[in-house]
There are 2 protein chains.
Amino acid sequence: MQAAKDQFLLYLARNKLNFTSQRDIIFDVFWSSGYHISPEELWQLVKKHDPDVGQATVYRTLKLLTDAGIAREVDFGDGVSRYEACFGQSHHDHLICKECGKNIEFVNHKIEQIQEELARQHGFTLSEHSMYLFGKCTECRNP
Amino acid sequence: MQAAKDQFLLYLARNKLNFTSQRDIIFDVFWSSGYHISPEELWQLVKKHDPDVGQATVYRTLKLLTDAGIAREVDFGDGVSRYEACFGQSHHDHLICKECGKNIEFVNHKIEQIQEELARQHGFTLSEHSMYLFGKCTECRNP
DNA sequence: CTTTATGCAAATATTTTGCATCAAA
DNA sequence: TTTGATGCAAAATATTTGCATAAAG
């Protein structure tokens, strides 16, 4: 976590932004919250540490964390925005069980390769991508 | 379009739902609207044909069309929900220019194959997936 | 007739913004 | 000090719902 925090501090410093106690708390809670937290959920957790933090600050800080490369937005298409911590540097794709919500993350280099190739064929330079596979896991298929 | 309309009529009949003039108009406008229309945009277009159609009806009908397999929700992660017509039966993936919004659709069988394989390895049965590649197109790279 | 659909407006839900105040450097 | 950050409440967005009325079958 120190590496990520350093990244955050560096980002703030480079952009002449202040490191405030709210940003400190929100970062800590976000970073240790596990996967796929929504702004609302994050706010609830943050308030346990400091009940005076406003919801708007959570939204604003999530945007900061995203710009700093510490959080990324994930979208399960359920109308709620969610964020996840960028552990390591590599992005990943998602394999999600529509029944129980289980979320397996993976990176497949062959797919990434084909994606690059495909983009090149169309004259594109890729900057990012998102891929979600939806289905049913073993447990939910054989209850 | 007749095939799709038949599909819609059949769906309505099978579910004992009425075929109303509003549903007729909304279907027509949606089907000929081109890609990636939002409920709001669709409503605006529909109102040109019949100013009395309510926005709620557009939302409700889009849900119907989705259940009927005629529309599908696409999500560009920009906070607005969008729908596209299911031309043919095959799904497709998206290659999107973040600069100009150009949207190229494609299907790559090798990727689909790997996805299936990947899912199987994790004990999943796939039902659907979404894949978006974001980048910059030639024109936007060399203005 | 009976059931389903509609329009409207109100209700929800989510996120953003204006602004007076507060804190950091 | 000076600049940027915060909390709050209001505003903006996006979508859903309750209900009286209207249309379909």
Side-chain angles (χ1 to χ4, degrees), chain A residues 5 8-30 36-68 71-83, chain B residues 5 8-30 36-68 71-83:
Chain A
K5 190 133 195 182
F8 187 33
L9 295 176
L10 212 57
Y11 175 85
L12 293 176
R14 277 209 269 258
N15 293 80
K16 295 201 235 305
L17 301 171
N18 294 341
F19 181 60
T20 64
S21 67
Q22 289 92 334
R23 286 175 180 174
D24 195 11
I25 294 174
I26 293 170
F27 171 89
D28 286 348
V29 173
F30 171 73
H36 310 138
I37 199 166
S38 68
E40 169 74 24
E41 290 164 345
L42 182 55
W43 185 43
Q44 295 305 330
L45 290 178
V46 163
K47 282 199 295 186
K48 290 184 187 171
H49 293 255
D50 180 348
D52 296 331
V53 175
Q55 188 165 22
T57 301
V58 171
Y59 273 97
R60 289 188 275 233
T61 305
L62 274 173
K63 201 161 288 174
L64 267 188
L65 290 172
T66 302
D67 290 343
R72 85 167 62 85
E73 223 180 318
V74 293
D75 197 331
F76 291 7
D78 62 348
V80 185
S81 82
R82 294 169 185 289
Y83 292 82
Chain B
K5 191 135 194 181
F8 187 32
L9 295 176
L10 212 58
Y11 175 85
L12 292 176
R14 277 208 268 260
N15 293 81
K16 296 200 236 302
L17 302 171
N18 296 340
F19 182 59
T20 64
S21 68
Q22 290 90 337
R23 285 175 181 173
D24 195 13
I25 294 173
I26 293 170
F27 171 90
D28 286 349
V29 173
F30 172 72
H36 309 138
I37 199 166
S38 68
E40 168 74 23
E41 290 164 345
L42 181 54
W43 184 44
Q44 294 306 329
L45 290 178
V46 163
K47 281 199 295 184
K48 290 185 186 171
H49 294 254
D50 180 348
D52 297 330
V53 175
Q55 187 164 24
T57 300
V58 172
Y59 273 98
R60 290 188 274 232
T61 304
L62 275 172
K63 202 161 289 174
L64 267 188
L65 290 173
T66 303
D67 291 342
R72 83 167 63 85
E73 222 182 318
V74 294
D75 197 331
F76 292 7
D78 62 347
V80 186
S81 82
R82 293 170 185 288
Y83 292 81

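What you see below is based on every heavy atom in this structure, not just the backbone, and it leaves out hydrogens, waters and symmetry mates. Numbered from 1 within each chain, the chains take letters A, B, ... in sequence-line order.
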A.B. asks: Looking only at side-chain N and O atoms, does A:Lys16 come under 4.0 Å of OP1 or OP2 in C:dA24?
C.D. replies: no
A.B. asks: What is the minimum heavy-atom distance between A:Glu41 and A:His36, and which atoms define it?
C.D. replies: OE1-O, 3.9 Å
A.B. asks: May I ask you to verify if any side-chain N or O of B:Ser38 is less than 4.0 angstrom from the OP1 or OP2 atom of D:dA14?
C.D. replies: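 For B:Ser38, the contact criterion (side-chain N or O under 4.0 Å from OP1 or OP2 of D:dA14) is not met.
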A.B. asks: Roughly how many Å is it from CD in A:Gln55 to P in D:dA10, rounded to a whole number?
C.D. replies: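 Distance check: A:Gln55 CD to D:dA10 P gives 15 Å.
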A.B. asks: Taking for each residue the nucleotide of DNA chain D with the nearest heavy atom, is it B:Leu17 or A:Leu64 whose nucleotide lies nearer the 5' end?
C.D. replies: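 With B:Leu17 and A:Leu64 compared, the 5'-side residue is A:Leu64.
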A.B. asks: Any sub-3.5 Å donor-acceptor pair from A:Trp43's side-chain atoms to A:Tyr59's backbone N or O?
C.D. replies: no
A.B. asks: In whole angstrom, what separates B:Phe8's CZ from C:dA5's P?
C.D. replies: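 These atoms are roughly 10 Å apart.
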A.B. asks: Would you mind telling me which residue lines up with the more 5' stretch of DNA chain D, B:Phe19 or B:Ala56, judged by nearest nucleotide?
C.D. replies: B:Ala56
A.B. asks: Strictly below 4.0 Å: does B:Ser21 bring a side-chain N or O up to OP1 or OP2 of D:dA23?
C.D. replies: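 No, B:Ser21 has no side-chain N/O under 4.0 Å of OP1/OP2 on D:dA23.
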A.B. asks: Could you pull out the closest heavy-atom pair between B:Val58 and B:Val53, with the gap in Å?
C.D. replies: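 Taking every non-hydrogen atom into account, CG2-CG1, 4.3 Å.
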A.B. asks: Is the phosphate of D:dG7, meaning OP1 or OP2, less than 4.0 Å from a side-chain N or O of A:Thr57?
C.D. replies: yes
A.B. asks: Could you give the CG-to-C1' distance, from A:Asp50 to D:dG7, as a whole number of Å?
C.D. replies: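 Result: 11 Å.
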A.B. asks: Would you say a side-chain N or O of A:Arg23 is under 4.0 Å from OP1 or OP2 of D:dT6?
C.D. replies: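 Yes, because at least one side-chain N or O of A:Arg23 sits under 4.0 Å from OP1 or OP2 of D:dT6.
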A.B. asks: Using whole Å, report how far CG of A:Asp24 lies from P of D:dT6.
C.D. replies: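 Rounded to the whole Å, the gap is 11 Å.
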A.B. asks: C:dA9 C1' sits how many Å from B:Arg60 CZ, rounded?
C.D. replies: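 Checked: the CZ to C1' distance equals 12 Å.
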A.B. asks: Rounding to a whole Å, what distance do you find between A:Ile37:CD1 and C:dT14:P?
C.D. replies: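 Rounded to whole Å, this separation is 14 Å.
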A.B. asks: Would you please confirm or rule out a distance under 4.0 Å between OP1 or OP2 of D:dT15 and any side-chain N or O of B:Ser81?
C.D. replies: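 Answer is yes, contact under 4.0 Å.
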A.B. asks: Measure OH/B:Tyr59 against C1'/C:dA5 and give the value in whole Å, please.
C.D. replies: 19 Å
A.B. asks: May I have the distance from B:Ile26 (atom CD1) to C:dA5 (atom P), rounded to whole angstrom?
C.D. replies: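 Value for this atom pair: 13 Å.
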A.B. asks: Please state whether the phosphate of C:dT15, meaning OP1 or OP2, lies under 4.0 angstrom from any side-chain nitrogen or oxygen of A:Lys63.
C.D. replies: no
A.B. asks: Can you label the angle between the B:Phe8 ring and the B:Phe27 ring as parallel, tilted or perpendicular, going by 30° and 60°?
C.D. replies: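 Rings of B:Phe8 and B:Phe27: parallel, as their planes differ by under 30°.
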A.B. asks: What heavy-atom pair brings A:Phe19 and A:Leu12 nearest, and what distance separates the two atoms?
C.D. replies: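 Taking every non-hydrogen atom into account, CD1-CD1, 3.6 Å.
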A.B. asks: Whether A:Gln22 contacts D:dG7 is assessed here as follows: a side-chain N or O lying under 4.0 Å from the phosphate OP1 or OP2. Is that the case?
C.D. replies: yes
